[in-house]
Amino acid sequence: MEYNFREIEKKWQKDWKKSGVYEVSNSSGKPKFYVLDMFPYPSGAGLHVGHPLGYISSDIYARYKRLRGFNVLHPMGYDSFGLPAEQYALETGQHPAVTTEKNIETYREQLDSIGFSFDWSREVRTSAPSYYKWTQWIFLQIFSSWYDKNQKKARGIEELIKIFDKQGNAAGMGQRSIQKNFTAEEWKNYSTEEKQTILMEYRLAFLALGEVNWCEALGTVLANDEVINGVSERGGHPVVKRKMRQWYLRITDYAERLLQGLTTVEYTEAMKEMQRNWIGKSEGAELEFEVNAGLNSNLSLTPNPGLPRDPSPQGEGSGNSIRTSNSGGEAHSLKIKVYTTRPDTIFGVDFMVLAPEHELVSQITTPLQKRDVEAYLEYVKSRSERERLAEVKSVTGAFTGAYAINPFNGREIPVWIAEYVLAGYGTGAIMAVPCGDQRDFDFATHFKIPITNIIGEYFNGKESNATKEAVLSNSAFLNGVKMENAIGIILEKIEKEAIGHRKVNYKMRDAGFSRQRYWGEPFPIIYKNGIAYPVDEKELPVELPHVENYSPGPEGEGPLANIPEWVNLDGGIKRETNTMPGYAGSSWYFLRYMDPHNDEVFADKKAMEYWNQVDVYVGGTEHAVGHLLYSRMWTKVLCDLGFISFDEPYKKLVNQGMIQGSSRFVYRLDRFSVRINGEVKDLAENSNIFLSLSLVQNLNQSENEDSKINSHKIIGELLKIPNVDFYHDHSFKTSALHIDVNLVDGIELDIQAFKNSKPEYANAIFILEDGKVISPGEDFDHTSSKYICGVEVEKMSKSKFNTVNPNMLVEKYGADTFRMYEMFLGPVEQSKPWDTKGIEGVHRFLKKLWRLFYDDIKGKVWTEEKATDAAFKVLHKTIKKVEEDTERFSYNTAVSTFMVCVNELTDLQCHKKEILQPLLILLAPYAPHVAEELYHALGNNTTIVDANYPNLETKYLIESEKEYPVSINGKLRTTIVISLDASQDEVEKIALNNEIIQKWMEGKAPKKIIYVRNKMVNVVV
RNA sequence: GCGGCGAUGGCGAAAUUGGUAGACGCACUACUUUGAGGUGGUAGCGCCCGAAAGGGUGUGGGAGUUCGAAUCUCCUUUGCCGCACCA
């Protein structure tokens, strides 16, 4: 009986499905464990071998935890809203729902063939109305909340209204930058519209007019993390800034908690660092510098008219706050607010720079400088975001003619504008300290602004030095103070003298939450007189209407705007035509799995109490700042509002590494020219000649003249060049062509398959590794000579012909082999190249395991006889190691432990059920099909999925002797087998009496003997 | 530029606490089973010297701590990933 994996796997997959073993209950006496995978976007391309890596890891862990007595939730679903389906719809007219459904089917088939223990009865799809009903509902909760900065949590908006009714927004309400403070009395007198406009400033999901990343090609707005170097993440289309009214999530209010929360979760350091970076917290001060005004007599300094306003990253001070100071009735004096993390360098300020977009620019520019400034603004405007990003570090700017006054020494400093100061960060204005900041230094040098040195010899005049170690000079009352100590002193003074205040800044922006797209969740929002109101809960879900075409609507609106009968409701009420972004549905899906069919609530509270946080979350690093941050924010909001009791969704995060493609190349001889009798002849142009790897290498290298000449000779003969000295007088060109890895066995080209792959290759000529030539139509004996391909590790992608389809491997070797091989490849979290060849080893292992039970000729060989102690020792060694390795996700070493175990049992000729059955249970998480089959073969008639995990019995592991390594002066000289009962004295004596040791000691007396019990002996002479 | 993670045979890798470097697998070599291919089995396999015994050397490079370093410290080279005119 041989290992017929195809039959076995089909049989058990069917059986598991029928019996529903993987369906899990929300009530159980067992402790719970939640193992979650990042659910996939069902793309049309299907899975390649890189995708299942994470799923296999989590499946092993889930199965293991279940065997260890946990009630394990291990669900799967689809993140099925998104751009690609819609792009596809635009091109083909096929409805996204249709293509999505089809893709899901393919995915499911592929997943099923690998034998996962997913509870498919809990499947979710973000595009299903029964699911997005609750995405919309949660959105409404966020819309109806505000962030109380005193209590540091979200609260219902009705509580805010109560506060306004009672005390207006004066006390403690000033955290948010609001146009004006109002009393309770005033609040009550506001119109509904006015009230709603004010409330919008507080809502956690809000509408605002803001600069957004507009992608013309995609016809939509993108979030910051969807834009990479000025082009869209998907498709690489140019992205420009544009002012539009958009939905936002006020994630900046959670910046601090998102940062703090990282200390309570187990993510990799890299992952946490990426998030910290994205949040970008910095501590410093905001200071005001007065500007010499009276420069422009027609100042109009009315406050910002009307809401809505820019969503601001720092809550307060939306962008650049303008204040007039009319004290003393003198000429208008303006103040420029700057943000700095180094207030200790205040006496080193030599100039000031505003972002070109800064609101004060036009007001402070002197008539003399007006031309310069306007020309510069024109130049800035002409440059796209992309150009600005591409051209890093080029110094540009213009002088405004205005001077600011250093509040500490009254020094007048010139005010410039320059691109390198960003309007969106801090206050959009900086105090420039050239001796301490390289950008300021470059700017000063370029425009010949004199530099004040406040750090003595720490500044060499050639580059800035951002040290905090220096002792300050040229710094008035700070002279002689070390910079790191000066920060505190100056901060106190700044606050005392009301020049400014301490300030924490975050780089993170509020998250854009609307998309001008069709294939996403419609907003449950309607407009009356331009004011947004929530749709009544009873009307959820607001279903996505059918559309005929997927083109954008008018004025940057999405396709939904093309359906007036859907948009326009009775009484002048209009629907929101934007849809939600891709991360909406994925922000809370882990909760829906807990109670996926509930129609009353998004998930039953008891279910959420029971399953609680995700214990292990497995997925790729690409979601570090997007999905993970949004999901963490939603969880915090739901927690604040009392729906759940935990505010971090994922306790532990495991990032699987990328599986890289291992590309294969063939080398085509494109040109080979030789000079014969002074005449250059092209002897091979666009030939169909393919050179094996070492020939190409020989042609290109110079170290080994012989092989180089030889390679030329071979080609020369092939091209029928007479015996001329073409070696010295020639030129050639080869090109490396990607070829499908499936046409290659390891690195050896399957010439016949290659010829068949494309008509143009049918008559190709091959020069093999040993110089043998294979002409068209000629058969070749591939044992004697080979065509060797070039190899390079690259990203796995269709265009590089290096993708490997898991189905093919499952078909050829079986799911169990495939699972174990993916794990055997290396540590889960590490990136590694795929190598199909190695799978044979794992397959051999499973066949060897099988032979412990069945012999090809003799049939059944397993017995119920008593096993030997030696066999028990092998078993328990394996139990110990596999358990440790599985717990720490070290699956590659666990697989090799299984191999060692089977090798040793084979050597012992152990076929005892006593040993084999526990081994099968250990193996079940890794190779569930074969484990189940053999488990039943041993006479069990219940599933191995719920078997009793074997207990480690350490008594079998006790050793009686040890092979001690004995070194002299740290250099290993020999090993001696010594009883473990031996005392230190005895061991030392035995070691010193050892012949080899004596030889190496050369008669010297030992100075010292290092003895580590049960480990080693080192003699120092 | 800033930050994170790495670098160990021909290849993927192992070494969990500073204690026999290279487990396990691939590839390769020889032998063997078989009519042949495949499969299965046995043995070898870091590099250098040597027929062997044995010796030297060896974890990107350099220094250090230690009886002892792949592992700890400092410097340096290099690869991958993330962020990037963020004040």
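Letters go in sequence order (proteins before strands), and every chain restarts at 1. Basis for what follows: all heavy atoms, side chains included, without hydrogens, waters or symmetry-related copies.
- Phosphate contact (OP1/OP2 of B:C24, side-chain N/O of A:Arg844, threshold under 4.0 Å): absent.
- For the pair A:Trp1000 and B:G55, the criterion of a side-chain N or O lying under 4.0 Å from OP1 or OP2 is met.
- Remark: A:Glu288 CD to A:Thr427 OG1 distance equals 10.0 Å, nearest 0.5 Å.
- Considering only side-chain N and O atoms, A:Asn969 lies nowhere under 4.0 angstrom from the phosphate OP1 or OP2 of B:G68.
- Counting any heavy atom pair closer than 4.0 Å across all strands shown, A:Lys881 reaches a base atom.
- A salt bridge is absent between A:Lys272 and A:Glu269; no separation between the charged side-chain nitrogens and carboxylate oxygens falls under 4.0 Å.
- Between B:G4 and A:Arg276, no contact under 4.0 Å exists linking OP1 or OP2 to a side-chain N or O.
- Using a 4.0 Å cut-off between charged nitrogen and carboxylate oxygen, A:Glu840 and A:Lys847 do not count as a salt-bridge pair.
- Remark: A:Ile499 CD1 to A:Leu287 CG distance equals 7.5 Å, nearest 0.5 Å.
- Applying a 4.0 Å cut-off to non-hydrogen atoms, the residues of residues 1011-1021 of chain A that approach RNA chain B are A:Val1012, A:Lys1015, A:Met1016, A:Asn1018, A:Val1020, listed by residue number.
- OP1 or OP2 of B:C67 lies within a sub-4.0 Å distance of a side-chain N or O belonging to A:Lys1008.
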(request) Report, as a single string ordered 5' to 3', how protein heavy atoms within less than 4.0 Å touch nucleotides 72-81 of chain B: B base, S sugar-phosphate only, - not at all. (result) ----------

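- Distances were taken from every side-chain heavy atom of A:Lys999 (C-beta onward) to each of B:G55, B:U20, B:A87; the shortest belongs to B:G55.
- In the interface, the side chain of A:Lys971 is not paired with the base of B:U20 through any donor and acceptor atom under 3.5 Å apart.
- With A:Tyr821 as reference, A:Trp834 is the one residue of A:Tyr891, A:Phe845, A:Trp834 to meet the ring pair (Phe, Tyr, Trp, His ring centres under 6.0 Å) rule.
- Between A:Gln830 and the phosphate of B:G12, there is no side-chain N or O to OP1/OP2 separation shorter than 4.0 Å.
- Pairs of residues two or more places apart, or lying in two chains, that qualify as side chain to side chain donor-acceptor pair (under 3.5 Å) and include a residue from residues 901-911 of chain A are A:Lys848-A:Asn903, A:Lys877-A:Glu904.
- Contact annotation: A:Tyr339 side-chain N/O to B:A87 OP1/OP2 distance is not under 4.0 Å.
- Taking only side-chain nitrogens and oxygens, A:Arg851 never comes nearer than 4.0 Å to OP1 or OP2 of B:U39.
- Using bins of under 30°, 30° to 60° and over 60° for the plane-to-plane angle, the ring pair A:Phe443/A:Phe447 lands in the tilted bin.
- Base pairing of B:G6 is made with B:U78, judged by Watson-Crick or G-U wobble geometry with both donor-acceptor distances under 3.5 Å.
- The 5' end of RNA chain B is approached more closely, in terms of each residue's nearest nucleotide, by A:Pro965 than by the other of A:Pro965 and A:Asp437.
- Distance from the side chain of A:Glu884 is smallest for B:U16 among the nucleotides B:A23, B:A14, B:U16.
- Here A:Asp344 pairs with A:Arg342 in a salt bridge; the nearest charged N to carboxylate O distance falls below 4.0 Å.
- Using modelled atom types, one finds a donor on one side chain and an acceptor on the other under 3.5 Å when comparing A:Tyr506 with A:Glu256.
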